Amino acid sequence: MLRIFDLTSRHVPTSDDRPLRLVLTYDERRRSRARVTLADGSDGALVVARGTVLADGQRLVREDGRVVIVEAAPETLSSVSEADPLRLA
């Protein structure tokens, strides 16, 4: 299992290979340490600075130099509206 870092870390991409995809939900994108599975089926260890929220399209780098692109997973969202805002409190 290869570690995956934020591009701002000490690791610099060295490979010209096609970028790998990492599809994560919002909650998963908020984690700073996690075991993840890339879209190609390979495993990785996500290691980014604490408090980092990964954005859709953000580029990371694996310790072997391959670039990993973060993709936001489709999620169900809810929307609530009310004419009287006090009813939502």
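Since the model is a prediction, treat every value here as computed from it, not as a measurement.
- Note that the OG atom of Ser32 and the CG atom of Leu46 stand 8.0 Å from one another [nearest 0.5 Å].
- The heavy-atom pair separating Ala55 from Arg29 by the smallest distance is CA-NH1, 4.1 Å.
- The closest donor-acceptor contact from the side chain of Asp43 to the backbone of Thr37 lies at 3.5 Å or more, if one exists at all.
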Show, in sequence, the C-alpha distance, side-chain angles and deciding distance for Leu22 and Ile69, and conclude whether the side chain to side chain contact (heavy atoms under 4.5 Å, CB included) test is met.
CA-CA 6 Å; Leu22 178 59; Ile69 297 178; over 6 Å; no
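- With hydrophobic clusters built from ILVMFWY side chains whose heavy atoms lie under 4.5 angstrom apart, Val36 does not share a cluster with Val47.
- For the pair Asp56/Glu71, a side-chain contact is recorded, criterion being any heavy-atom separation below 4.5 Å from C-beta on.
- For the side chain to side chain contact (heavy atoms under 4.5 Å, CB included) criterion with Val70, the lone passing option out of Leu60, Val23, Ile4 is Leu60.
- Going from atom CE of Met1 over to atom CZ of Arg35 covers 3.5 Å, rounded to the nearest 0.5 Å.
- Contact record, Glu82 with Leu88: CB-CG, 3.7 Å, taken as the closest heavy-atom pair.
- Arg30 has a carboxylate O that lies under 4.0 Å from a charged side-chain N of Asp27, or vice versa, which qualifies the two as a salt bridge.
- In this structure, the side chain of Glu75 engages the main chain of Tyr26 through a donor-acceptor pair within 3.5 Å.
- Rounding to the nearest 0.5 angstrom, the gap separating the CZ atom in Arg31 from the OG1 atom in Thr25 is 8.0 Å.
- Between Arg62 and Leu38, some side-chain heavy-atom pair lies under the 4.5 Å cut-off.
- Between Arg66 and Asp64 there is no salt bridge, since none of the side-chain N atoms of the basic residue sits less than 4.0 Å from a carboxylate O of the acidic one.
- Rounded to the nearest 0.5 angstrom, Thr52 OG1 and Arg33 CZ are separated by 9.0 Å.
- A 4.5 Å side-chain heavy-atom check between Leu24 and Leu54 finds at least one atom pair inside the cut-off.
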